[in-house]
Amino acid sequence: MNRLEFRKRWSDLHGGVEIQGVIKLWLNISFGIARTLNFFRITPNVVTTLGLISAVLIYFTSYTSQLIALVLFSLICDGVDGSLAIYGDRASKFGELYDSVADRISEAFWLMGATFVGVPVRWAIAIWVLAATQEYARARLASLGYTEIGVVTPAERPVRAIFVIAVTITFWFGYDIGTQIAIGFTVLQAISALIVMRMARSILR
């Protein structure tokens with residue numbers, strides 16, 4: 001599979017989204033990584049597992065630099081496993097299920113890490129619940145045959161990782177604003193969940 005075929009396949013699986021800007025940059029990077037991993041016969045599920053392990057390791061770290069590195073690595077694995085499945089034509093129903101479950105567990109550990117750097121537990125829980133609600137609604141729509149609902153919210157999975165990294169950096173530099181950032185992000189995540197639910201209602205009406 002060449003780069004153009006890879007992009008087209010990725011776009012088709014994501015509702016025909018246009019490949020440009022940051023998306024194009026990421027796909028160029030993930031294509032190269034996927035091609036290398038495929039050469040060494042590494043499967044998408046192995047990459048998913050590595051991302052999950054890196055998230056779980058957050059529980060055992062007490063250093064902000066390690067927290068940032070683990071969140072970033074976990075997020076990269078989450079993007080690369082799908083690219084590898086496309087490049088190697090290894091997509092499977094079990095892989096989709098495993099990836100979805102791993103995402104929810106990983107995000108729980110990301111937000112646990114956020115509580116280590118000043119985010120109150122109650123706000124971390126609220127963010128996780130709202131994020132899980134958003135993703136569960138998408139999963140249920142997919143089970144009903146609507147694999148792509150055609151909406152991108154302000155608080156998708158990469159933005160959740162950016163939130164954790166942002167509060168970690170501010171904590172690193174001595175700014176005690178984790179609560180304020182968490183409250184703002186909770187509102188943003190609530191809006192995102194409502195956007196998905198509103199779209200779901202319009203589709204199923």
Side-chain angles (χ1 to χ4, degrees), residues 14 17 20-34 37 47-84 99-136 138 151-193 195-196:
H14 291 80
V17 65
Q20 61 181 1
V22 176
I23 294 176
K24 183 177 181 180
L25 175 62
W26 165 246
L27 288 181
N28 286 337
I29 294 172
S30 64
F31 174 81
I33 297 174
L37 295 177
V47 178
T48 301
T49 301
L50 290 174
L52 179 58
I53 290 172
S54 67
V56 172
L57 288 176
I58 291 172
Y59 180 83
F60 302 98
T61 186
S62 58
Y63 298 98
T64 52
S65 58
Q66 291 179 358
L67 174 56
I68 292 172
L70 289 169
V71 171
L72 278 175
F73 184 76
S74 177
L75 180 64
I76 290 171
C77 286
D78 177 58
V80 170
D81 59 3
S83 296
L84 180 57
D99 181 59
S100 180
V101 172
D103 285 352
R104 303 291 76 75
I105 296 173
S106 295
E107 288 181 12
F109 279 97
W110 292 359
L111 291 165
M112 179 186 294
T115 67
F116 299 163
V117 291
V119 173
V121 173
R122 62 180 179 274
W123 290 111
I125 292 174
I127 291 169
W128 187 87
V129 169
L130 289 167
T133 300
Q134 174 181 333
E135 299 303 337
Y136 179 74
R138 275 200 170 103
V151 62
V152 177
T153 71
E156 297 290 343
R157 183 168 163 80
V159 181
R160 295 167 207 152
I162 291 172
F163 158 72
V164 177
I165 293 170
V167 294
T168 303
I169 291 174
T170 57
F171 179 84
W172 196 353
F173 284 99
Y175 297 102
D176 187 19
I177 56 175
T179 300
Q180 292 88 333
I181 297 176
I183 292 172
F185 191 71
T186 301
V187 173
L188 189 65
Q189 190 66 74
I191 292 172
S192 297
I195 289 172
V196 172

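Quick note: residue numbers are just sequence positions, from 1. Side chains are part of it too, since the values below use all heavy atoms of this structure and drop only hydrogens, waters and symmetry mates.
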Could you grab the distance from atom [atom1] of [X] to atom [atom2] of [Y], nearest 0.5 Å is fine?
X: C77; Y: L50; atom1: SG; atom2: CG; value: 5.5 Å
X: I165; Y: T170; atom1: CD1; atom2: OG1; value: 12.0 Å
X: I169; Y: I162; atom1: CD1; atom2: CD1; value: 10.0 Å
X: I183; Y: L188; atom1: CD1; atom2: CG; value: 14.0 Å
X: W26; Y: I76; atom1: CH2; atom2: CD1; value: 6.0 Å
X: I127; Y: F185; atom1: CD1; atom2: CZ; value: 6.0 Å

Next item on the list: For the pair Y59 and F109, name the ring-plane relationship: parallel under 30°, tilted 30 to 60°, perpendicular over 60°.
Entry: perpendicular
Note to self: Pair L57, T61 - check side-chain contact (heavy atoms from CB on, under 4.5 Å), show working.
What the structure shows: CA-CA 7 Å; L57 288 176; T61 186; over 6 Å; no
Margin query: For the CZ atom on R122, are there more than 12 heavy atoms of other groups (residues, nucleotides or ligands in this structure) within a distance under 6.0 Å?
Written below: no
State, to 0.1 Å, how close [X] and [Y] come at their nearest heavy-atom pair, and which atoms those are.
X: L52; Y: A102; result: CD1-O, 3.9 Å
X: L84; Y: A34; result: CD1-O, 3.4 Å
X: V119; Y: A124; result: CG1-N, 4.2 Å
X: F163; Y: A182; result: CE1-CA, 3.8 Å
X: D81; Y: T48; result: OD2-OG1, 2.7 Å

Notebook entry, point to check: Does a side-chain heavy-atom distance below 4.5 Å link W110 with R157?
Noted result: yes
Margin query: Less than 4.5 Å apart, side chain to side chain, heavy atoms only: is that true for F171 and D176?
Written below: no
Note to self: Under the criterion side-chain contact (heavy atoms from CB on, under 4.5 Å), I'd like the reasoning laid out for D99 against D78: C-alpha separation, chi angles, the key distance, then a yes or no.
What the structure shows: CA-CA 8 Å; D99 181 59; D78 177 58; 3.4 Å; yes
Margin query: Would S192 and R160 count as a side-chain contact (heavy atoms from CB on, under 4.5 Å) here? Give the steps.
Written below: CA-CA 12 Å; S192 297; R160 295 167 207 152; over 6 Å; no
Item checked: Pair M112-W128, side-chain contact (heavy atoms from CB on, under 4.5 Å): steps then yes or no -> CA-CA 10 Å; M112 179 186 294; W128 187 87; over 6 Å; no
Next item on the list: Taking atom types as modelled, find out whether Q189 and T186 have a side-chain donor-acceptor pair closer than 3.5 angstrom.
Entry: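 Q189 vs T186: no donor-acceptor pair found between side chains.
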Notebook entry, point to check: For Q134 and T153, does a side-chain donor sit closer than 3.5 Å to a side-chain acceptor?
Noted result: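 Their side chains do contain a donor-acceptor pair, which is all the 3.5 Å distance test asks for.
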Within the side chain of [X], is there an N or O that forms a donor-acceptor pair under 3.5 Å with the backbone of [Y]?
X: T168; Y: I68; result: no
X: S74; Y: L70; result: no
X: R104; Y: E135; result: no
X: S54; Y: G51; result: yes

